[in-house]
Amino acid sequence: MAARKRKARAMAAGGAALWRRFSAWLPRGRLGLTALLGRLSDRLSRGRDRRTRRSSWLLLAPLLTPPIPVITAPPCSLCPEGAHRFQWIRNLVPEFGISSSHVKVLSSPAEFYELLKVQIKAAKQRVVMASLYLGTGLLEQELVDCLEETLEKSLQAKGSPDLRVSILLDYTRGSRGRKNSRTMLIPLLQRFPEQVRVSLFHTPNLRGLLRLLIPERFNETIGLQHIKVYLFDDNVILSGANLSDLYFTNRQDRYVLLRDSPEIADFFTELVDAIGDVSLQLQQDDTVQMMEGMVHPYQGDKVAYCEIANRRVMEVINSARTRQELLHAKTFHSSQAGSSLISQQGSQASGSLKPEPDTWIYPLIQMKPFGIQIDEMVTETLLTEAERDARIYLTTGYFNLTQAYMDLILGTRAEYRILLASPEVNGFFGAKGVAGAIPAAYVYIEHQFYSEVCCLQQQERVQLQEYSRAGWTFHAKGLWLYLAGSDLPCLTLIGSPNFGYRSVHRDLEAQVAIVTENKALQQQLHQEQEQLYLCSGVVSTSTFEQPNRYVKLWVKLVTPLIKNFF
């Protein structure tokens, strides 16, 4: 009976994802069904907002119940031509076609840190950095010094300085302790007030009595700015790593550099600006204030604030998608009209043309507090449609999958290799107080999932592997998709989401889907995956019989109640 229920949940989740994809393909203005569903979704959303107003003390209730789907992306009528099988994603987000030669996969924290410094020093026009927080150690201070040096050069240049620096962090995490992210950045604000902007996002869900009662550090469980993107002029680094010394030394993550990609850099600049506009602005005296005319995230009306935030972010997504559609159509028609001319002009003219794109970048945004669920929709569809004998390598530093993701993994046909942190490389291992029990809670969640895999006799198809490396912690997240019969991945997801409840329902997240036909780039991604999985061991029943996997009774009892908060 339990197995049948699990199968039914998987089929329902898969059907929902497929229907979302199908409805996105319906042409504009030709069928009214999509519009009808959109109005129904909006009506359900407004009903939820009214319930929130009526019972504000039940602030956490929506986080503990299944969400109401919100259709946030309009359908796209762009005709498919000469595209790959994942072309449907561009119905939701902009599609950026680039050459694979512009993509570089990094492998180590040290390489990531050195690249950050090099890129900051070389920046001429813009530096945009979004992270959970900026640490307070010597390595972080060196980054700030690099920013100061580059800003100083810009200030001394002839004419008005061109360089602009925009930094987006989370308010609660960035304000933790007496010395914090804010105190690290105030000197830049004081020295370069016209060139530097520091925005601190504060979740609208932390307000009222809840905000007064929850102490520092614990208040971070309600919701965070979790996006990690670092861009310098037209170069963009996507990662799951924060700006902290651990992430520069011995905390394993993933990192990809997109070089000379102005359209992608423009998109993420606009996205960070949009979130910054609805965030608190750090002042030179360490106070914060909202931009003039903006609704306050925790003092103002929550519904009005979330509507404004939704509108700002969706404007960025939809305007970029429209620009890319027009560019795509223009390029397609120009290539047809100019094909004969190019053949006549010979190699000299053709050598000056930009290479045809063989790699496509799709930014996937998840901001459930604002009703934006694009990353969730795309991820569910990818899991649903993975064919038999396809392989999905999925990794997360915090194994706490949503029920929908678990149902799809257990109910679909692809092979799964899931990489997660062993207790010793969990970021909370050895923490003081209640946080020290979090690794044990993850062990308990992992054991429950493994037991369900065994109950369904899926051990061969769904395999868990634990990352273990002496002196290191593990923070990598994302997935690699290998089509049936292929030894190399054609798609990867990389960015900030952990595939857990927090990523889907609480925090602001962003990652990119990278789809490529280029064998050299596929080989880079394959080597990245192999390098991470090389430091892992396969989970079996005996894994949970080890002494270090003992989970105390109180942790087992509390975990179901608090698993949605970490």
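For Arg549, the side chain to side chain donor-acceptor pair (under 3.5 Å) partners two or more places apart in sequence, or in a different chain, are Glu466. Shown here are the side chain to side chain donor-acceptor pair (under 3.5 Å) partners of Tyr362, two or more places apart in sequence or in another chain: His84, Glu95.
When only modelled atom types and interatomic distance are considered, Glu509 and Ser496 share a side-chain donor-acceptor pair under 3.5 Å.
In this structure, Arg461 forms no cation-pi arrangement with Tyr416, as its terminal cationic atom is not both closer than 6.0 Å to the ring centre and no more than 45° off the ring axis. Geometrically, Arg506 engages Phe565 in a cation-pi contact, judged by NZ or CZ lying under 6.0 Å from the ring centre and within 45° of the ring axis.
Judged by distance alone, with hydrogens and angles left aside, the side-chain atoms of Arg207 form no donor-acceptor pair with the main-chain N or O of Gln299 at under 3.5 Å.
When the options Lys368, Gln366, Glu376, Gln373 are evaluated for a side-chain hydrogen bond (donor to acceptor under 3.5 Å, both in side chains) with His505, the one that passes is Lys368. With Tyr133 as the partner, the side-chain hydrogen bond (donor to acceptor under 3.5 Å, both in side chains) test is satisfied by one option alone out of Ser181, Ser175, Ser244: Ser244. The side-chain hydrogen bond (donor to acceptor under 3.5 Å, both in side chains) test with Thr492 is passed by exactly one of Gln529, Gln524, Arg254: Arg254.
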May I have the list of side-chain donor-acceptor pairs in residues 103-110 shorter than 3.5 Å, sequence neighbours left out?
residue: Ser107; atom: OG; partner: Glu111; partner atom: OE1; Å: 3.4
residue: Ser108; atom: OG; partner: Glu111; partner atom: N; Å: 3.1

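In this pair, Tyr450 and Phe544 present their aromatic rings tilted. The plane angle is within the 30 to 60° band. Ring geometry, Tyr298 versus His202: the interplanar angle falls from 30° to 60°, so the pair is classed tilted. Ring geometry for Phe112 versus Tyr230: interplanar angle of 30 to 60°, hence tilted.
Side-chain contact check for Phe248 versus Leu143: some heavy-atom pair is nearer than 4.5 Å.
The pair Arg85-Glu387 counts as a salt bridge, with a side-chain nitrogen and a carboxylate oxygen less than 4.0 angstrom apart.
With ring centers used as reference points, Phe449 lies under 6.0 Å from Phe399.
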